[in-house]
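Structure record follows, encoded as structure tokens.
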Number of protein chains: 2
Amino acid sequence: MAAQRRRPTQVDIARRLGISQATVSLVVSGGPASFQVADETRRAVLEAAAELGYTVNAAARSLKGGRNRLLGLYTFEPVFPVDRRDFYFPFLLGVEEETAACGYDLLLFSSATARGDRSIYASGGNRLKVADGCVLLGRHIDRAELAELVREDFPFVFIGRREVPGRELSYVAPDNVGATRDTVRSLAGLGHRQLAYLKMAEDQEPTRDRAAGFRQGIADAGIGEDEVLVHAMDDPAAITGGLLQEWLADGITALLVEPSEDDAAIAAVERAAAEAGIRIPEDVSVALLGDPPLSESTRDWTRYTPPREQMAREAVRLLLELLDDEEGRPRQLLVDCRPIAGETVAGPSAGRPS
Amino acid sequence: MAAQRRRPTQVDIARRLGISQATVSLVVSGGPASFQVADETRRAVLEAAAELGYTVNAAARSLKGGRNRLLGLYTFEPVFPVDRRDFYFPFLLGVEEETAACGYDLLLFSSATARGDRSIYASGGNRLKVADGCVLLGRHIDRAELAELVREDFPFVFIGRREVPGRELSYVAPDNVGATRDTVRSLAGLGHRQLAYLKMAEDQEPTRDRAAGFRQGIADAGIGEDEVLVHAMDDPAAITGGLLQEWLADGITALLVEPSEDDAAIAAVERAAAEAGIRIPEDVSVALLGDPPLSESTRDWTRYTPPREQMAREAVRLLLELLDDEEGRPRQLLVDCRPIAGETVAGPSAGRPS
DNA sequence: TCTTGCACTTCATACGTATTAAGGATCCGG
DNA sequence: CCGGATCCTTAATACGTATGAAGTGCAAGA
């Protein structure tokens, strides 16, 4: 059998049956209009379609204005490297499953190119537009590209809260404000009053949200702004044993650490503590403001965890809503995080027999 | 600013500048033809394009040109469940990276649907055809669907050797024949002559290849067919301590175990050995014919491992070759596996002080 | 017989792009 | 003033599909 290079089209089916392309379209498009075609005709069309191996040309369909039944997933940073794997995996899983459950296929936009030219607007145009809409993911987003996406009015939902000046975006995000506030409250409930808060230096939305939660938390607990210490970590190596000792000498009894996708910050704290002979939680309590991969640490950190898989599913659902909404009004969803009581938090005087 | 519902097209740019759509196309398509346009005109077009936020319509472009710059990845079984994750991950990674490196995007066909209706031909047609070509993956393939794919002349490359009667397929596969043969040889080199070979009951190509390698291996070593025992595992639970004891009593000194994507078979052997107080490798040597996830076992098994990530990259490369080949001649590539000398193989008399 | 309605099918067109052959300038040599 | 060459631009068309409008044939009702 010689290879038939060209794929069969509706016209091929129509010609073979001596009917019109329009009728074929009515049948194979399946919709409600399909029932206005005579049973016999419909059967013949379907049979011929199967025989010729016909499949709808997605490009043509979406050109016409219809949908592609393709959803995109774009991440602003590589998802696959091993140290990030456990962090991103639940998102991937959730998006994949929900997309499938809704009858869509998933377009995974190339992430880690060898040349590092990671961009939505790589080859002249917006690659994402092949899909009907897109789920976006990642911490180190390109603001210019995001703004451009918004300007183009392309439907997308971000996982994680993101802002663009003068425009509301759609997102599904963990309630970092509330979770951080609750963490502070719970530390305060144990008697901690002098806190050190290690925040990330980069001023992203999640960082701002945690900062807001922190302020709420200390306000609720009646702790003054002057009793706490806020330290921006630009370089994890700057967290030294000496620094920790200084803090403890100043009366600090608990640390709040904002993690990233890798566990650099946590590793730094752990190392610094070991270096200075400081015990966790006996000498100082440590709570993480999130749930990083923790591949290097075997410790059971006190932390809070967002329901990642569920967030991903919600993102897909929101995106589909968005697509069906003629006006494309943005959707926003905050989800609660689950606190995990680990072994790194204790009362403030645990290590100091009084 | 009100949301502009319709995206700007080449026609919009042309109208604004009072030129024709064709000229705009020449400019924005960028290619060599772009230079036949007067500099001034080109600048004006690019400027207007930027101003209007024009982006090329991927659907229209691919409708015209035939190619989508999309490659598909379809797996015949769910990739994401945790116990399979480590097994499939290198494949995913390799396909993803190579696809990106070649300037394509990756279409990840939905795997685990809630309703379990996992099929290429789910909604009337071949879903894969949205992509220019497809990488296929998975052990439990649907033969009928595969045959149909072949009949439709859809370009694909399988990871793993697959056969369809009367037709050559394209694949990248580990050299299971050679690797199994070498495993047998190396056992024979240690003095093992009476071997038990636990093969999978399902008669898939990889199983047949290992069986062929096994026969080659014992022939090379001058071991008779009657000195070996071939056991088809239909149910891992059937591997009991008693069975192992029987085999040892018969003089068997080494086991070859064919693994699957999960580690059921290996777990079964380990359990049975423990049950009967049989030590590995003192009482019996065990070599695996492959490299399963081994999530439950901490033992360092003697085995061989295919270069999974590399295989995936090769598969993508072969697929692109296939697409560029007008005649679509099948490509086949066998890759060597790397033997891993673990701690589960020793000489035949290790446990019997003579 | 002439409507009227119904069931089914087709016509015609639009979607946005790439491309080819042809069109219109302008200029030069003869 | 013509042939021809060069340079730039455009008209026309095809890609495969979806869809509203229009058409066909037929049976039933007036």
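Chain naming here is simple, since letters A, B, ... match the order of the sequence lines and numbering starts at 1 in each.
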Open item on the list: Does this structure show an ion pair linking B:Glu40 with B:Arg43, if we count only N-O contacts that are shorter than 4.0 Å?
Closed with: no

- [ ] Check whether more than 12 heavy atoms from other residues, nucleotides or ligands sit under 6.0 Å from atom CD of A:Glu47, and answer yes or no.
- [x] no

Task: Spacing of A:Asn57 atom CG relative to C:dC15 atom P, expressed in whole Å - done: 18 Å

Task: Shortest non-hydrogen contact from B:Leu322 toward B:Arg329 - done: CD1-O, 3.1 Å

Task: Heavy-atom closest contact (B:Pro8 atom, B:Tyr54 atom, distance) - done: O-CD1, 3.4 Å

TODO: Pick out which of B:Leu169, B:Leu146, B:Leu318, B:Val172 makes a side-chain contact (heavy atoms from CB on, under 4.5 Å) with B:Phe158.
DONE: B:Leu146

Are there any protein N/O atoms within less than 3.5 Å of an N/O atom in nucleotides 10-13 of chain D, and if so, which ones and at what distance?
{"residue": "D:dT10", "atom": "OP2", "partner": "B:Ser20", "partner atom": "N", "Å": "3.0"}
{"residue": "D:dT10", "atom": "OP2", "partner": "B:Ser20", "partner atom": "OG", "Å": "3.2"}
{"residue": "D:dT10", "atom": "OP2", "partner": "B:Thr23", "partner atom": "OG1", "Å": "2.8"}

TODO: Taking only the side-chain heavy atoms of A:Ala38 (C-beta and beyond), determine which of D:dT9, C:dT9, C:dT19 contains the nearest atom.
DONE: C:dT9

Open item on the list: For a quick test of reading the model, state the closest non-hydrogen atom pair linking A:Ala14 to A:Ser20 and the distance between them.
Closed with: CB-C, 3.6 Å

- [ ] Would you mind reading off the distance between A:Arg15 atom CZ and D:dG16 atom P, rounded to a whole angstrom?
- [x] 10 Å

Task: B:Arg42 CZ - D:dC8 C1' separation (whole Å) - done: 13 Å

Open item on the list: Once you measure the plane-to-plane angle for A:Phe91 and A:Tyr88, does it fall in the parallel (<30°), tilted (30-60°) or perpendicular (>60°) bin?
Closed with: tilted

TODO: Give a yes/no on whether any side-chain N or O of B:Thr41 is located under 4.0 angstrom from OP1 or OP2 of D:dT9.
DONE: yes

Open item on the list: How long is the straight-line distance from SG of A:Cys134 back to CG of A:Leu71, given to the nearest 0.5 Å?
Closed with: 8.5 Å

- [ ] With rounding to the nearest 0.5 Å, note down the distance linking CZ in B:Arg313 to CG in B:Leu93.
- [x] 7.0 Å

- [ ] May I have the distance from B:Glu40 (atom CD) to D:dC8 (atom P), rounded to whole angstrom?
- [x] 11 Å

Open item on the list: Distance check needed: D:dT9 P versus B:Gln10 CD, whole Å only.
Closed with: 15 Å

Open item on the list: Can you give me the bend angle of the helix from C:dT1-D:dA30 to C:dG30-D:dC1? Use the axis through the first five pairs and the one through the last five, nearest 10 degrees.
Closed with: 70°

Task: Short side-chain to backbone donor-acceptor contact, A:Ser170 and A:Arg331, under 3.5 Å - done: yes

Task: Least distance between heavy atoms, B:Leu107 atom then A:Leu106 atom - done: CD1-O, 3.3 Å

TODO: Send over the distance from A:Leu52 CG to D:dG16 P, rounded to a whole Å.
DONE: 14 Å

TODO: Would you please confirm or rule out a distance under 4.0 Å between OP1 or OP2 of D:dG16 and any side-chain N or O of A:Arg61?
DONE: no

Below 3.5 Å between N/O atoms, which protein atoms pair up with nucleotides 23-25 of chain D? Just atom names and distances, please.
none

